[in-house]
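In what follows, every chain begins at residue 1, and chains take the letters A, B, ... in the order their sequences are listed.
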There are 2 protein chains.
Amino acid sequence: MTSPAAGKPIRTAIADEDGIDFAIIELFFFAYRDFTSDPDQILADYGFGRAHHRVLHFVNRRPGLTVAELLDVLKITKQSLARVLKQLIDTDHIVQVQGPRDRRQRELYPTAKGRALALALARPQSRRIRAALEDSGATERATIERFLEAMVNPELRAQIDIVPAQTSGKNHGDH
Amino acid sequence: MTSPAAGKPIRTAIADEDGIDFAIIELFFFAYRDFTSDPDQILADYGFGRAHHRVLHFVNRRPGLTVAELLDVLKITKQSLARVLKQLIDTDHIVQVQGPRDRRQRELYPTAKGRALALALARPQSRRIRAALEDSGATERATIERFLEAMVNPELRAQIDIVPAQTSGKNHGDH
DNA sequence: GAAATTACGTCAATAGTACTGACATAATTC
DNA sequence: GAATTATGTCAGTACTATTGACGTAATTTC
């Protein structure tokens, strides 16, 4: 069972000894696991994966972004994006439009079909969030948003704010 | 650029129109992306991946858990776990001990080496959390914990509470 | 206007993590 | 003794990601 040179089993649970916040580390893992499980089930019907979801999400959030911008947001390589993006274009969820200023660029836009799928994927996630915030007021909501934003690398935090004014919850847009 | 049958590009950003909470959906994505990036870099030095981290984490958190229990927590299949667990055992991070009551079971324990790696991986994550909670008091912390816990599927929420008493932040352990 | 750079696409090879299905073994339960 | 359970393992497949290399078209630089 145990090989001769193996170290001895430690039978005590790892503790918050060193001031390490295992409680939130673990909660974050479980929360994200279930948060992504809802759209995963829908995606399976289309033969898509989580990567397709992310691309579809950001193209809907920032219509007209270029391939380079998308790569920067997703933090993946061009080669990884290629297959996923091609499938979304081939299935008519996303269209490419030649950049107006720079014709080398490909601006990415959702089609009606792509918009519908993005909404269908976001719906269960939003429902889960709403349920989790059920008894929360604006204060609690702000606390949670602040926390999540603070968890993002400072140098990448700029990406978050690249949301259209009418959509941003922060600078109380024009609606 | 656009194939003949392709749908028309939608040029407006997807909005919170349908009451969908894109702000938090996106924040959660960015937060988790960066939350996992710290340990990923350390793991790369060992030739390990994220799966190794998860196994190592839970074996340290609940020493003596069986393979079946681990599969249940991680929500993966036996075959997926096999390779990862074998590598962690071969590299002397985890040891198997025959179950005392049921000798078919393999209780999993960390070695000193495995404990050390788990701590090393948790440290930057905990640092990130502490920084994000910098100006937060107990109230904010409780709000965030409640939110994350509420994001977990209710039927799976029991898993969270399977933490040793002296480690649980909830029932203020004996230290 | 030629050369360098940029934006994008693509080919090939590889890795990590997951999956399903099938089968083997040992231990426990009925 | 037979059925069930816990674990391990083999084979095959899929998805997402990686690095490196190369091609093309458009723009910028000199």
Side-chain angles (χ1 to χ4, degrees), chain A residues 1-3 29 32-33 36-37 39-57 59 64-90 94-108, chain B residues 1-3 29 32-33 36-37 39-56 59 64-91 94-108:
Chain A
M1 184 105 299
T2 53
S3 64
F29 165 71
Y32 198 76
R33 181 193 66 179
T36 52
S37 70
D40 280 357
Q41 297 206 314
I42 300 171
L43 288 159
D45 299 337
Y46 292 77
F48 290 162
R50 215 170 274 180
H52 299 85
H53 184 190
R54 291 198 286 264
V55 170
L56 201 52
H57 171 88
V59 168
L65 52 35
T66 64
V67 171
E69 286 166 349
L70 186 53
L71 290 175
D72 192 50
V73 170
L74 297 179
K75 291 271 169 291
I76 57 171
T77 58
K78 187 174 44 165
Q79 296 85 336
S80 294
L81 176 63
R83 177 189 51 91
V84 170
L85 184 56
K86 193 175 187 325
Q87 288 175 350
L88 287 168
I89 290 169
D90 289 348
I94 290 178
V95 286
Q96 289 180 317
V97 175
Q98 204 169 51
R101 284 171 295 279
D102 188 333
R103 289 186 303 172
R104 287 171 307 179
Q105 292 184 331
R106 307 279 187 269
E107 293 185 341
L108 303 173
Chain B
M1 186 103 298
T2 53
S3 66
F29 165 71
Y32 198 76
R33 182 193 64 179
T36 52
S37 70
D40 280 356
Q41 299 206 313
I42 299 170
L43 289 159
D45 299 337
Y46 292 76
F48 290 161
R50 217 171 273 182
H52 299 84
H53 184 188
R54 291 198 286 263
V55 169
L56 200 53
V59 169
L65 51 35
T66 64
V67 171
E69 286 165 349
L70 186 54
L71 290 175
D72 192 49
V73 170
L74 297 178
K75 290 270 168 292
I76 57 171
T77 59
K78 189 174 42 165
Q79 296 85 337
S80 296
L81 175 63
R83 177 189 52 94
V84 170
L85 184 56
K86 193 175 184 329
Q87 287 176 352
L88 286 168
I89 290 170
D90 289 348
T91 54
I94 290 178
V95 284
Q96 289 180 317
V97 175
Q98 204 168 51
R101 283 171 296 279
D102 187 334
R103 288 186 305 170
R104 288 171 306 178
Q105 294 184 331
R106 305 281 186 269
E107 294 185 341
L108 303 173

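When the nucleotides C:dA27, D:dA17, D:dT7 are ranked by their closest atom to the side chain of B:Ala68, D:dT7 comes out on top. Here the nucleotide nearest the side chain of B:Arg104, chosen from D:dT7, C:dT10, C:dT28, is C:dT28. Among C:dT6, D:dT9, C:dT17, the nucleotide with an atom closest to any side-chain atom of B:Arg83 is C:dT17. Checking D:dT18, C:dA27, D:dA26 against every side-chain atom of A:Thr77, the shortest atom distance belongs to D:dT18. For B:Ala51, the side-chain atoms get nearest to C:dT17 when compared with the rest of C:dT6, C:dA22, C:dT17. Taking every side-chain heavy atom of B:Lys78 into account, C:dA22 is the closest of C:dA22, C:dT17, D:dA6. Residue A:Ile76 has its side chain nearest to D:dA17 when only D:dT27, D:dA17, C:dT28 are considered.
B:Thr36 contributes a side-chain N or O that, together with a main-chain N or O of B:Tyr32, makes up a donor-acceptor pair within less than 3.5 Å. A donor-acceptor pair is defined here as one N or O able to donate and one able to accept, closer than 3.5 Å; no such pair exists between the side chain of A:Arg103 and the backbone of A:Arg101. The main-chain N or O of B:Val84 is never found under 3.5 Å from a side-chain atom of B:Gln87 such that the two would form a donor-acceptor pair.
Listed here is the closest heavy atom pair of B:Pro100 and B:Glu107: CD-OE2, 3.1 Å.
With rounding to whole Å, A:Leu71 atom CG is found 11 Å from D:dA17 atom P. At whole-Å resolution of the value, CD in B:Gln96 and P in D:dA6 are 16 Å apart. Protein atom CD of B:Glu69 is 14 Å distant from nucleotide atom C1' of D:dT5, rounded to whole Å. What separates OH of A:Tyr46 from P of D:dC15 is a distance of 17 Å, to the nearest Å. Atom CZ of A:Arg103 is separated from atom P of D:dT28 by 11 Å (rounded to the nearest Å). Residue B:Leu74 contributes atom CG, which lies 12 Å from atom P of C:dT17 at whole-angstrom precision. Atom-to-atom, CG of A:Asp40 to P of C:dC19 comes out at 11 Å; the value is rounded to the nearest Å. Separating the CD atom of A:Gln41 from the P atom of D:dC15 is a distance of 17 Å, rounded to the nearest angstrom.
Among the atoms of the strands shown, only primed sugar atoms or phosphate atoms (P, OP1, OP2) are found under 4.0 Å from some heavy atom of A:Arg50. Within 4.0 Å (heavy atoms only), B:His52 reaches sugar-phosphate atoms of the nucleic acid but no base atom.
When the nearest nucleotides of DNA chain D are assigned to B:Gln79 and A:Lys75 by heavy-atom distance, the more 5′-ward of the two goes with B:Gln79. Of the two residues contacting DNA chain C, namely B:Pro100 and A:Ala82, the nearest-nucleotide position lying further toward the 5' end is that of A:Ala82. For A:Arg54 and A:Arg101, each mapped to the nucleotide of DNA chain D holding its nearest heavy atom, the one lying further toward the 5' end belongs to A:Arg54.
Atom CZ of B:Arg83 and atom CG of B:Leu88 lie 10.0 Å apart (nearest 0.5 Å).
Between A:Arg106 and C:dA7 there is no side-chain N or O to OP1 or OP2 distance below 4.0 Å. Residue A:Gln98 places no side-chain N or O under 4.0 Å from the OP1 or OP2 atom of C:dA7. In terms of phosphate contacts, B:Ser80 brings no side-chain nitrogen or oxygen within less than 4.0 Å of OP1 or OP2 of C:dT17.
Between A:His57 and A:His53, the ring planes are perpendicular. Angles over 60° get that label, and only those under 30° would be called parallel.
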